[in-house]
Amino acid sequence: MGVDYPLLYDPHRLEQLRIFTDAGRPVSLVGTILSDVTLLGCQTRIASVGSVCTDPRARGHGLAGQLVDDAVQRAAEAGASLMLISGHRTLYARRGGVEAGLFRRYHVFVRDLTSPTDGLTLRTVTPETCDQALRLFEAEPARFRRDLADYAKQIACERVMNRPGHTWLVERQGRPMALFSADHPRAGDGGGPATIQIRELAGCRLSLIRALPLAARELGADAFAIDAYEFDRSLEEALKDIVRWDSMPHTGVVKLLDPARLWRDFKPLIAERIGAEALGRISVRSESDDLRVHALTFEMGGEILTFDSPEDLTAALLGHPNHKPLINARGSLADILHKALPLPLPMYGLNYV
Ligand SMILES: CC(C)(COP(=O)(O)OP(=O)(O)OC[C@H]1O[C@@H](n2cnc3c(N)ncnc32)[C@H](O)[C@@H]1OP(=O)(O)O)[C@@H](O)C(=O)NCCC(=O)NCCS
């Protein structure tokens, strides 16, 4: 796992790994990375939890549960507003980890990519050339903040999320135009087309789509599945007429750590959506203990809206493709919240743990 997840297993950041030992031998592990993300102009801190495992002989004694609780407490103390956990399990559901977020997966067949490649070239990004690639991220509206040293480690491990893969730079006459991180082609369930999964992208969407046949030829793929933000209109437009897409929540589960902090971090965006005056009239409070948010209440001029299940309160704040707890709410507070929410979540991409 150290080879596949170099940032989590960084010898200089060992405090990210918390273990139980039995007679000096590690028997249970939970890894947590704290990251700052910028989302539509706002910055918040998130904790990404992964590498959750317990030695088979030590399972069922609450070790992983205690380590997840420990991760929650430490992340909240370190100023994180949200936790992303890379898995679906009762272990996380019991702690308020639920599906949330609004993303899309575009399904593209190579045979439908008929636009000319038009002078674009493609090359894989290496740790030595990743500075050019990183610059393309600066203009992205939603991204993990990464420095060059960390990005070089992510590139060097040749993994894209939890699969072998590469990052590709699309260039026109040596000028970086776009980039994407994608795994190696694999057949779908039941032997479907050989599909490359794109987990992260940046730069000009039109250039990226035009360059896809080059990647398909080099890797021997028939199709692409492209994960993207729901708000990415440039990608939507570049792919219109040739693809179908599915709505999906965030990969894994999302746990709210501190809704008030999240609301505060996103105030500049919310003020743009509903106006500073309306924002000033809304108060947000949560009922929480050290480990879990039990209820979230919005209040405005005597009107009150309370969400009291993890599914409802998380989907109200962060959206969900199928679960829309605000949909039946009526009144001026509900009208304003419809405009203010949902807040964006980051896609894992290379920051998956
Ligand atoms: C998933 C995994 C990490 C759980 O580790 P664990 O240390 O056994 O976890 P816990 O003991 O905290 O919880 C396991 C279950 O035992 C139960 N449990 C905890 N303490 C208990 C106790 N004292 N008595 C009886 N049951 C108990 C928990 O309620 C939990 O039930 P749930 O799964 O229905 O929520 C472990 O099974 C594992 O390593 N699996 C393989 C790797 C993996 O799948 N990792 C997760 C990736 S998302």
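Keep in mind that the numbers below use all heavy atoms, side chains included, and drop hydrogens, waters and symmetry copies. For ligands, and for the atoms within them, numbers begin at 1 and follow the listed sequence.
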(request) For ligand 1, list the protein residues that place a heavy atom within a distance below 4.0 Å of one of its atoms, sorted by chain and number. (result) Val52, Cys53, Thr54, Arg59, Gly60, His61, Gly62, Leu63, Ala64, Gly65, Ser86, Gly87, Arg89, Thr90, Leu91, Tyr92, Arg94
(request) Give a yes or no answer on whether the side chain of Arg175 reaches the backbone of Glu171 with a donor-acceptor pair at less than 3.5 Å. (result) no
(message) List the residues meeting side-chain hydrogen bond (donor to acceptor under 3.5 Å, both in side chains) with Glu277, not counting sequence neighbours, and say none if there are none.
(response) Arg281
(request) Not counting sequence neighbours, which residues clear side-chain hydrogen bond (donor to acceptor under 3.5 Å, both in side chains) with Gln132? List them please. (result) Arg123
(request) Using side-chain hydrogen bond (donor to acceptor under 3.5 Å, both in side chains) as the criterion, list what pairs up with Arg145, not counting sequence neighbours. (result) Gln43
(request) Please work out whether the ring planes of Phe137 and Tyr151 are parallel, tilted or perpendicular, with thresholds of 30° and 60°. (result) perpendicular
(request) Could you check whether the rings of Phe103 and Tyr229 sit parallel, tilted or perpendicular, using 30° and 60° as the cut-offs? (result) tilted
